[in-house]
Amino acid sequence: MINETRWDKSMEEPIINEWVKKKLYSFEDNSKKPVYSIDTPPPYINTPIHIGHGYTFICMDMMARYKRMKGFNVLFPLGLDCNGLPIEIQTEKQFNVSIRTTPREEFVKKCREMLDETSDISTNGFKGLGIGFNDYEFDYSKIGSKYRTDDPEYRALTQKTFKDAWDKGLIYEDNKPTNYCPVCRTTIADSEIDYKEEKSALNDIKFKVKETEKDIIISTTRPELLNSCQIILFNPNDDRYKNLQGKHAILPIYDREVLIKAHPAADKDFGSGLVMICSFGDTTDIRLFIELGLEPIYSINEEGKMMKVSGPYEGMNVKDARKKIIEDLKEKGFLVDQKIIDHRTPVCERSKNPIEFIAMKEFYLKQMDWVSKVRKAADEIEFYAPESKQLLLDWLNSISIDWPISRRRYYSTEIPIWYCKKCKYTYVNDTGKYLRPWIDSCPLKKCPKCNSNEWEGEKRILDTWFDSSISELFILGYDSNPKFFKNNYPCTMRPQGKEIVRTWLYYTILRGLQLTETTCFKQAWIHKHVVDEQGYKMSKSKGNGIDPRELISKFGCESIRFWTAMEGDITKGDIRCSFTRVEGAGKFISKLWNIARFISGFESVSKEPKELNKTDEWIMNELNKVLKDCDNHYNNYDFNGVAKIIRNFVWETYASSYLEMVKRRAYDKDSSALYTLYKSFKIILLTLAPIIPVITEKLFKEMYSSESIHLQKFPESGETKLSELTSKIIEFNSLVWAKKKEGNKSLKDSIKIEIPKELILFKEDLTNMHNIE
RNA sequence: GGGCUUGUGGUCUAGUGGUUAUGACGUCGCCCUUACAAGGCGAAUGUCGCCGGUUCAAAUCCGGUCAAGCCCACCA
């Protein structure tokens, strides 16, 4: 008998702690079960996890729990993403230091310190949500261990995969214009660019044509790049300018002459129809410079300041230089008009600062040659929801350059290269160990080419995505456990957000193909966002994020989890988070508890009677049907479907109708009734266990077994014949209740009513239930 | 500029041609019925974004339109 009259969220913590202590969900090393592997997205450790993280991890946890009950050996490690700019920025804030003025060794130490401190916060957040990771401790000798991407074990693999790609000729260094963020002072990839709608001034500037001495007008938003102009274009169909072909224009202020040429890139209808191409105002400029074989004239340096070539503006930052040159142009009569236009500016995803295009020597990973292979791989992956595949295909269609992978920052995996000081021989770390070339000495004593023993270590680090794009290789033991890897690659499931399809999913597939020649996932589950009550995206800068720990302390883990399942299908659309809805979901937890209290008040009968009463047979049939439906929905990762079906069944059919019908016989200790009550409720608990693991665990242990519910098999469904009577039964019961209400009678009072013919099977129970005369 | 997705009572949501449109949350009214007032019964709230078409019949199919969101793009 369950004594506590109410389920209370304070009962959750001891149960969850016991799971963690007993390592209930450990990955089974020597098991014969098929492996189901989930490559979880390592969340940035220093961002306090918000409800969006919580929500999606709960979904992944439901997958893991369901698959465990279906007999799989589930690989579900907790990973923490500990590399990259956000870590550095957080460290700068927390210790009030600057990466520019702090020695590298000290800064890196501080990053590590900051991460160690915050590591528990997020870990505890996940525990509190009842997430059944394999392990909450680091133990890299074991499959399924918790891991950090900045630990030597992980970074060693990152470097090894760099070496592998290097040996395959997939990595090269090149000096070409790249996206550069002057604030973060590093090269960034196309996938790290955001766009911001901004008002900017479109300036109409007067140029003189050398040959004719006539004026032409050119519109630009980047007048500060004037002296980087190498050509002026007009559209070949633009009759106004046909006479300018091959002539030259004189740049105002700088008095340099540039060629005028016809080219389809110029739009007749924009501005005057003439466009100046500078190195480099935007990506079009870059493309045209390459296409027309022009020599770039760089005017912005890596600090975001104007270079010598810009003359009087040297040393100014871009914004000031723009302001000043506009003033100067105006003063000298070159500026004829200025319009404010809406302009889509590419900005750095992290700093939100406009990016510049600067030529830098950087390492690139080849990806242009791989696009069609990745497209083929996309066809091999099952997407949930299927429409999500389009996100990946759209991205594939827009890839235009190889992936720049080197960064000029500190906290990420170091590029494992040493250069011979004498002959420039390049050595790539081949030791299998994690090494830091900026501080560690080269493993080779002598240069194999010139015998010199003086080496210079590479100072740059790798893009964070170069780390994260091998997570599935890491968790499956690509390097550490080749036998296991061979048997269990590709990874079963990649769950992740839609916003990182063009990064995490794409890069992982790309690198998986390059390293293993195999599509690395069988399935991908792409979720949309959890947004706030108004439908706005939660973000740190807006401050509208909801900390799940706040929700846990208010409503408890189970309410949040049931809300997660009830709210909607996150692969189909955004989910709004509202406190009242979480609270509402919690009512079902109470309902379940009270049903358990009712049943546990009777003696448990586990031996099946020879013959079941028809009411009991009916509820088992109906439950079988529900079970079958739930199983289907679980298989499609549609937890919303499961939750809605089982909630409706438990509340409307099971509690309202069945329990009332069976009550009399239960009090009379009828063995068919008692057996069925216990049996049916057990199936209900098992079906709900992946969604609400804590309360089902508690009730299961109180009523059925000392063993955890999470070690049980998912129930099999059986006969469903009588379930077609369900709606008739509910209809009849409602009718009786309505009649009594109409007649102002208490539910105890007797009533004269005829039982419908098709329900005559249940005559005895219905008569007792409604006190029918 | 192109593409994709979405638009159903105050809020969220089911519903891919067929009787008075599903359910939940919230609101209101009545009711302690030996598991549950964190419950039960019941009520109100909708021109299914707008316009037009196909059809005996449209929330559902088609065309257009508006709005929101996302993705992509070389308009300086």
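Predicted, not measured: the structure shown is a model, and the values here were computed from it. A note on names: the letters A, B, ... follow the listed sequences, proteins ahead of strands, and every chain is numbered from 1.
Under 4.0 Å is where a charged nitrogen must lie from a carboxylate oxygen, and between A:D765 and A:R665 at least one such pair does. A salt bridge links A:R240 with A:D238: the closest approach of a Lys/Arg side-chain nitrogen to an acidic carboxylate oxygen falls below 4.0 angstrom.
Distance from the side chain of A:K498 is smallest to B:C70 among B:C75, B:C70, B:G39. If you check B:G42, B:G26, B:G40 against the side chain of A:A738, the one that comes closest is B:G42. For A:R597, the listed nucleotide lying nearest its side chain is B:A35; candidates were B:A35, B:C72, B:U33. Among B:C36, B:C41, B:A76, the nucleotide with an atom closest to any side-chain atom of A:W737 is B:C41. With distances taken from any side-chain atom of A:S219 to the nucleotides B:A76, B:C36, B:U33, the minimum falls on B:A76. In the set B:A76, B:U33, B:U13, the nucleotide with an atom closest to the side chain of A:K644 is B:U13.
For B:C41 and B:C32, the P atoms lie 15 Å apart once the distance is rounded to whole Å. Comparing the C1' positions of B:A57 and B:G3 gives an interatomic distance of 35 Å, to the nearest angstrom. With P as the reference atom, B:C48 and B:A43 are 22 Å apart, rounded to whole Å. Only the C1' atoms considered, B:A37 is 13 Å distant from B:C30, to the nearest whole Å. B:A21 and B:A38 have their C1' atoms separated by 30 Å, with the value rounded to a whole Å. Spacing between B:C50 and B:A73 at atom C1', rounded to whole Å, works out to 30 Å. Comparing B:G63 with B:G69, their P atoms sit 25 Å apart, to the nearest whole Å. Here, B:G7 and B:U65 have their C1' atoms 13 Å apart, quoted to the whole Å.
Under the 30°/60° scheme for interplanar angles, the aromatic rings of A:Y507 and A:W403 are found to lie parallel. Classified by interplanar angle (parallel below 30°, tilted 30° to 60°, perpendicular above 60°), the ring pair A:F602/A:F598 is perpendicular. Ring geometry, A:Y654 versus A:F681: the interplanar angle falls under 30°, so the pair is classed parallel (tilted spans 30 to 60°). Using cut-offs of 30° and 60° on the angle between ring planes, the pair A:F289 and A:F280 is perpendicular.
Position along RNA chain B of the nearest nucleotide to A:R664 versus A:M566 favours A:M566 as the more 5'-ward residue. When each of A:S734 and A:A585 is assigned the nucleotide of RNA chain B bearing its nearest heavy atom, the one mapping closer to the 5' terminus is A:A585.
Residue-level contact check: A:L391 touches neither bases nor backbone, having no heavy atom under 4.0 Å from any strand. Across all strands shown, A:A596 has no heavy atoms under 4.0 Å from either base or sugar-phosphate atoms. Heavy atoms of A:E660 sit under 4.0 angstrom from at least one base atom. Within the nucleic acid shown, A:A266 comes within 4.0 Å of at least one base atom, counting heavy atoms only.
A 3.5 Å limit on both hydrogen-bonding distances identifies B:C28 as the Watson-Crick or G-U partner of B:G42. Under the Watson-Crick and G-U wobble criteria, each requiring two contacts below 3.5 Å, nucleotide B:A68 is paired to B:U5. The partner of B:U22, taking Watson-Crick or G-U wobble pairs whose two distances both stay under 3.5 Å, does not exist in any strand shown. Nucleotide B:U33 forms a pair with no other nucleotide shown, judged by Watson-Crick or G-U wobble geometry with both contacts under 3.5 Å. Nucleotide B:A73 forms a pair with no other nucleotide shown, judged by Watson-Crick or G-U wobble geometry with both contacts under 3.5 Å.
Between the P atom of B:G42 and the CG atom of A:N733 lies a distance of 11 Å, rounded to the nearest Å. When the C1' atom of B:C41 is taken as reference, atom CG of A:L747 falls 8 Å away, rounded to whole Å. Per the geometry, CZ belonging to A:F598 stands 7 Å off C1' belonging to B:A35, to the nearest Å. Residue A:E567 contributes atom CD, which lies 9 Å from atom C1' of B:C25 at whole-angstrom precision. In this structure, NZ of A:K663 is placed 7 Å from P of B:U34, rounded to the nearest angstrom. Going from atom CD of A:E4 over to atom P of B:A38 covers 18 Å, rounded to whole Å.
Look at A:R502 and you won't find any side-chain N or O under 4.0 angstrom from OP1 or OP2 of B:C71. Residue A:K591 places at least one side-chain N or O closer than 4.0 Å to OP1 or OP2 of B:G40. Under 4.0 angstrom from either OP1 or OP2 of B:G40 there lies at least one side-chain N or O belonging to A:W651. For A:K587, a side-chain nitrogen or oxygen approaches OP1 or OP2 of B:G26 to under 4.0 Å.
When A:T726, A:T687, A:I619, A:D629 are each tested for a side chain to side chain contact (heavy atoms under 4.5 Å, CB included) with A:F649, only one passes: A:I619.
Put simply, the side chain of A:R647 and the base of B:A24 share no donor and acceptor less than 3.5 Å apart.
Checked against the 6.0 Å centroid threshold, A:W563 and A:Y55 count as a close aromatic pair.
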